[in-house]
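Below is one structure; the comments refer to it alone.
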Amino acid sequence: MGVSNKTPEFLKINPIGKVPVLETPDGPVFESNAIARYVTQLKGDNTLYGSSLIEHAHIEQWIDFSSLEIDANIIKWYAPRVGRGPYLPPAEEAAISALKRALAALNTHLASNTYLVGHSVTLADIIMTCNLYLGFANILVKCFTSEFPHVERYFWTLVNQPNFRKIIGQVKQAETIPPVQSAKKPSQPKESKPKVKNEPKKEANKEPEKPKEEAEEEAPKPKAKNPLDLLPPSPMILDEWKRLYSNTKTNFREVAIKGFWDMYDPEGYSLWFCDYKYNQENTVSFVTLNKVGGFLQRMDLARKYAFGKMLVIGSDPPFKVKGLWLFRGQEIPQFVIDECYDMELYEWTKVDISDEPQKERVNQMIEDCEPFEGEALLDAKCFK
């Protein structure tokens, strides 16, 4: 790949320049599954393709399932994290959700079956194991796969069989999910400029000076002020509250919470509760925590004007995500709504500080009170 796969000779045997390609006496075969089918059927008595029409159909069924539901979603999750494509959190969440659904279906089937079809290894098992290997070795950590114990048993049984181990080698499960790397940009070939012989400079080649009016027009315009900077001054200094929050290590309720309400300016600031709309999707703890962490990263544009607490609640899935935000002004800033797509994933409710239960809820969220609303806290994150 990347060396000879784009040559005219190679493109004759695979017009889109991918590997592998199998060259046979009767012509080339490309696409991995097609090659596997061809090799399997070279011997007429090969049991890898089943012994009846229905077994053959079931093997084909699981090959398609493995490619479209397992392999495709593992790649959609893994490739952007290692810089082989743009990283988009919503796309990652969709891939993880689809992969979990597929693994759940596979787990159910394997609860009462040692192999995918029949009572011995078939081509479906070979292809499924190779596709699972990509995931187990690179991104499917133990806390993810433990939800699918029959898939785990199946995978480790097969990769430790001699014929698998001879090809794949010793398999070690990924211990961490790869951190997100920026996508690699293809290198652009530099244009070679023709060398120009030294010649006397000609005054005629000089560009005429631009009129003064035109030069003034091209001057960079001053950056527009954020509308929040145009609000009347507030006696609440946000940085002072953030320092108080960060520096209070004991007696949090008496020092930090009391200090917050002493500083709070209800005319210059507003408080908002947020509740994630799709908590039923939060079935994997680390995925839920990554989701919240990504949201806080994308809120960086509002750091000068906001303070936030995000709670991940529950000891068992699905986990609930709730938050409290302090914003400059009486509404959620429009530039935040426009720039941070996560905002529409939450229901937003303005806090009525004259209502004592709501005010107490604010206190509990600021101090990470546990249990919170009767449930354990999985994690609490602060934006400051």
Ignoring hydrogens and angles, tell me if any N or O in the side chain of [X] forms a donor-acceptor pair with the backbone of [Y] under 3.5 Å.
X      : Y      : value
Asn46  : Thr40  : yes
Thr288 : Val284 : yes
Thr129 : Asp125 : yes
Asp71  : Asn131 : no
Glu370 : Leu377 : yes
Asn14  : Lys18  : yes
Glu375 : Ile313 : no
Asn107 : Leu103 : no
Asp265 : Ser234 : no
Lys309 : Ile366 : yes

If you measure only the distance, is there a donor-acceptor pair under 3.5 Å linking the side chains of [X] and [Y]?
X      : Y      : value
Asn363 : Glu367 : no
Ser67  : Asn33  : yes
Thr24  : Asp26  : no

Looking at [Y] and [X], is any side-chain nitrogen of the basic one under 4.0 Å from a carboxylate oxygen of the acidic one?
X      : Y      : result
Glu152 : Lys142 : yes
Lys304 : Asp229 : yes
Lys320 : Glu373 : no
Glu147 : Lys100 : yes
Lys277 : Glu344 : no
Lys291 : Asp342 : no
Lys381 : Asp379 : yes
Glu360 : Arg253 : yes

Give me the atom names and distance for the closest heavy-atom approach of [X] to [Y].
X      : Y      : result
Leu110 : Val151 : CD1-CA, 4.0 Å
Pro86  : Pro80  : O-CB, 3.5 Å
Phe273 : Gln358 : CZ-O, 3.7 Å
Val117 : Thr122 : O-CG2, 3.7 Å
Gly329 : Leu231 : CA-CD1, 3.9 Å
Phe10  : Ser4   : CB-O, 3.4 Å

Is any side-chain heavy atom of [Y] closer than 4.5 Å to one of [X]?
X      : Y      : answer
Phe295 : Pro89  : no
Trp272 : Leu324 : no
Val171 : Trp156 : yes
Asn282 : Pro317 : no
Gln41  : Arg37  : yes
Leu230 : Lys225 : yes
Leu326 : Tyr264 : yes
Lys322 : Tyr276 : no

Taking [Y] as the starting point, is it possible to reach [X] by hopping between hydrophobic residues whose side chains are less than 4.5 Å apart?
X      : Y      : value
Leu11  : Val29  : no
Leu22  : Leu42  : yes
Phe307 : Ile353 : yes

Could you tell me if the ring centre of Phe260 sits under 6.0 Å from that of Trp241?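 Between Trp241 and Phe260, which both carry aromatic rings, the centre distance is below 6.0 Å.
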
Just one of Ile127, Ile63, Ile59, Leu106 clears the side-chain contact (heavy atoms from CB on, under 4.5 Å) bar with Leu116, so which one? Leu106

Among Phe155, Phe136, Phe144, find the residue that satisfies the side-chain contact (heavy atoms from CB on, under 4.5 Å) test when tested with Gln173. Phe136

Within 45 degrees of the ring normal and closer than 6.0 Å to the centroid, is that where the cationic atom of [X] sits relative to [Y]?
X      : Y      : value
Arg303 : Phe383 : yes
Lys359 : Trp261 : yes
Arg328 : Tyr305 : no

Supply the atom-to-atom distance [X] [atom1] to [Y] [atom2], rounded to the nearest 0.5 angstrom.
X      : Y      : atom1 : atom2 : result
Leu378 : Ser315 : CG    : OG    : 9.0 Å
Thr7   : Lys12  : OG1   : NZ    : 9.5 Å
Cys340 : Leu301 : SG    : CG    : 7.0 Å
Thr349 : Leu271 : OG1   : CG    : 12.5 Å
Leu140 : Leu134 : CG    : CG    : 8.0 Å

Decide side chain to side chain contact (heavy atoms under 4.5 Å, CB included) for Ile177 and Trp77; before the verdict, give the C-alpha distance in whole Å, the side-chain angles of both, and the deciding distance to 0.1 Å. CA-CA 10 Å; Ile177 294 174; Trp77 183 9; 3.9 Å; yes

Decide yes or no on side chain to side chain contact (heavy atoms under 4.5 Å, CB included) for Thr114 and Tyr154, but give the supporting numbers first. CA-CA 7 Å; Thr114 303; Tyr154 168 81; over 6 Å; no

Given Leu311 and Met365, is the side chain to side chain contact (heavy atoms under 4.5 Å, CB included) satisfied, shown in steps? CA-CA 8 Å; Leu311 308 183; Met365 296 185 88; 4.1 Å; yes

Please walk me through it: do Lys258 and Asp262 pass salt bridge (charged side-chain N to carboxylate O under 4.0 Å, His left out)? CA-CA 6 Å; Lys258 182 180 182 301; Asp262 290 343; 3.1 Å; yes

Derivation and outcome, side-chain hydrogen bond (donor to acceptor under 3.5 Å, both in side chains), residues Tyr49 and Glu60: CA-CA 9 Å; Tyr49 233 137; Glu60 291 287 356; 2.4 Å; yes

